[in-house]
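Shown next, in structure tokens, is the structure this report addresses.
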Amino acid sequence: MTSSSGTPLADFASTIVQWQQEHGRHHLPWQGTRDPYRIWLSEIMLQQTQVATVIGYYERFLQRFPDIAALAAASQDEVMPYWAGLGYYARARNLHRCAQTLVAQWNGRFPEQSADIATLPGIGPSTAAAIAAFAHGERSPIMDGNVKRVFTRYFGIHGITSERATEKALWEQAHAALACAPASLDMIAYTQGLMDLGSQRCTRGRPACAACPLQAGCYARRNACQHELPTPKKKKAIPERLCLMLVARHNDHILLERQPSPGIWGGLWSLPKYEDRLTLEAASLALGMSGAPPQKMAAFSHTFTHFKLHIEPWYTEVGSGGAVMEVGKGRSWTAIGELSETALPAPVRKILDGLFF
DNA sequence: GACGCGTGGGT
DNA sequence: TACCCAAGCGT
């Protein structure tokens, strides 16, 4: 990890504030509020997730769970359908846990200081700083993907950003930028401005340097190395797996299995999964006497961060003549009409929507 | 420090 | 197509 020296710093934060006020985003659904609950919800949803994806989920979640008390009073089964399809479901489980922690230990309200906020489930240092800055104007720096891009390029910080030394340099630079800023700095505009700059100007592919307010002092611009920063991390080949999913229908019901957490899709309901055809057929038989063996449907693949799943859906109708077995212990015959309100992972939703809707 | 954890969009 | 990633955190 190396870094340049002598980069102008005094006007860094003020420049970003001024730019944000003129060119930044001001009408996102979670802007214009100081309500820590709304700010928190948006920050969690936005982790590793794009703004356009979040907006609909945010509005629906807020309508159903308008405040900490409403969320804390709900069960996890009531919460998960409002997160289904958004991914990284531990975020929703931690969100729910956090609401209950706030009620039990913090009088139902968020603590004000980022150091306290960061002790809560699912809230790390960057999210805690964002909540404290947006809700109370606390002068704590965030350090997300956008800020890392802006900082590595502007200050010439080389090194893979997840490595300890680089991470440390980034946080120290973030604190230094704030320490040099005027006492009157608008922390809301600064925090938002850093993210707006990262997402609208200092983009990964083709950064719009000519329209960037920091272009004059930018290390990467000066050295024409925008594409080398942030230092790219070597990627690892991801494994591939085959997964057979059984769509077992009994009258107007479909068999679903609750996914354990932690684990993939933890807290959601999936179709029963099998590694091979023999296992799937045996399971199908165990459900009850069926007239016909399971039929293979159109296969497709779904890529996760860490592996690629080849999915084969198999359809079978469980005859009314045989007893319908295997209910309970994390299994459920769910009415087709209730699927739209069931917390299903995206690929499962895709299979069932294709069949019934 | 490495890995587990989703999904949809951009190139 | 295949790959890169996007407002990270927990273990």
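Source: prediction; values computed, not measured. Below, read A as the first sequence line, B as the second, and so on, with proteins coming before strands; counting in each chain starts at 1.
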Could you go over nucleotides 9-11 of chain B and give all protein N or O partners under 3.5 Å, atom names and distances?
residue : atom : partner : partner atom : Å
B:dG9   : O4'  : A:Gln50 : OE1          : 3.3

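- A:Trp83 and A:Phe61 have perpendicular rings, their planes meeting at more than 60° on a 0 to 90° scale where under 30° would count as parallel.
- Comparing A:Thr303 and A:Arg164, the nucleotide of DNA chain B nearest to each residue sits closer to the 5' end for A:Arg164.
- Side-chain contact, A:Thr127 with A:Gln47: a donor N or O sits under 3.5 Å from an acceptor N or O.
- Among the heavy atoms of the strands lying under 4.0 Å from A:Pro121 are primed sugar atoms or P, OP1, OP2 only; no base atom is included.
- Pairs passing the side-chain hydrogen bond (donor to acceptor under 3.5 Å, both in side chains) check and including a residue from residues 130-144 of chain A, sequence neighbours excluded, read A:Ser114-A:Glu138, A:Ser114-A:Ser140, A:Glu138-A:Ser140.
- Among the protein residues, A:Thr305 comes within range of the nucleic acid bases, having at least one heavy atom under 4.0 Å from a base atom.
- In this structure, A:Val147 reaches neither bases nor backbone, as no heavy-atom distance under 4.0 Å exists between it and the strands shown.
- Among the protein residues, A:Ile44 comes within range of no part of the nucleic acid, since none of its heavy atoms lies under 4.0 Å from any strand.
- Annotation: the span from A:Ser162 atom OG to A:Lys233 atom NZ amounts to 3.5 Å, rounded to 0.5 Å.
- For B:dG6, the base has a donor-acceptor partner in the side chain of A:Thr49 [N/O atoms by modelled type, under 3.5 angstrom].
- For A:Tyr89, a side-chain nitrogen or oxygen approaches OP1 or OP2 of B:dT7 to under 4.0 Å.
- Among the heavy atoms of the strands lying under 4.0 Å from A:Trp30 is at least one base atom, whether or not backbone atoms are also near.
- Within the nucleic acid shown, A:Pro345 comes within 4.0 Å of sugar-phosphate atoms alone, with no base atom in reach, counting heavy atoms only.
- Side chain to side chain, A:Thr49 and A:Arg91 meet the donor-acceptor criterion of an N or O pair below 3.5 Å.
- No N or O donor and acceptor, one from the side chain of A:Ser126 and one from the base of C:dG8, sit under 3.5 Å apart.
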List, one per line, each side-chain donor-acceptor pair under 3.5 Å for residues 118-126 of chain A, sequence neighbours excluded.
residue  : atom : partner  : partner atom : Å
A:Thr119 : OG1  : A:Asp116 : O            : 2.6
A:Ser126 : OG   : A:Met143 : N            : 3.0

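- Using a 4.0 Å heavy-atom distance criterion, A:Pro230 is classed as making no nucleic acid contact.
- Heavy atoms of A:Ser162 sit nowhere under 4.0 angstrom from any nucleic acid atom.
- The separation between A:Tyr57 atom OH and B:dT7 atom P is 9 Å, rounded to whole Å.
- Nearest nucleotide to the side chain of A:Thr127, out of C:dC9, B:dG6, B:dT7: C:dC9.
- As judged by a 4.0 angstrom heavy-atom cut-off over every strand, A:Arg149 is placed among residues touching the sugar-phosphate backbone only.
- Using a 4.0 Å heavy-atom cutoff across all strands shown, A:Gly198 reaches no nucleic acid atom at all.
- Residue A:Lys236 is classed as a sugar-phosphate contact, given heavy-atom separations below 4.0 Å to backbone atoms only.
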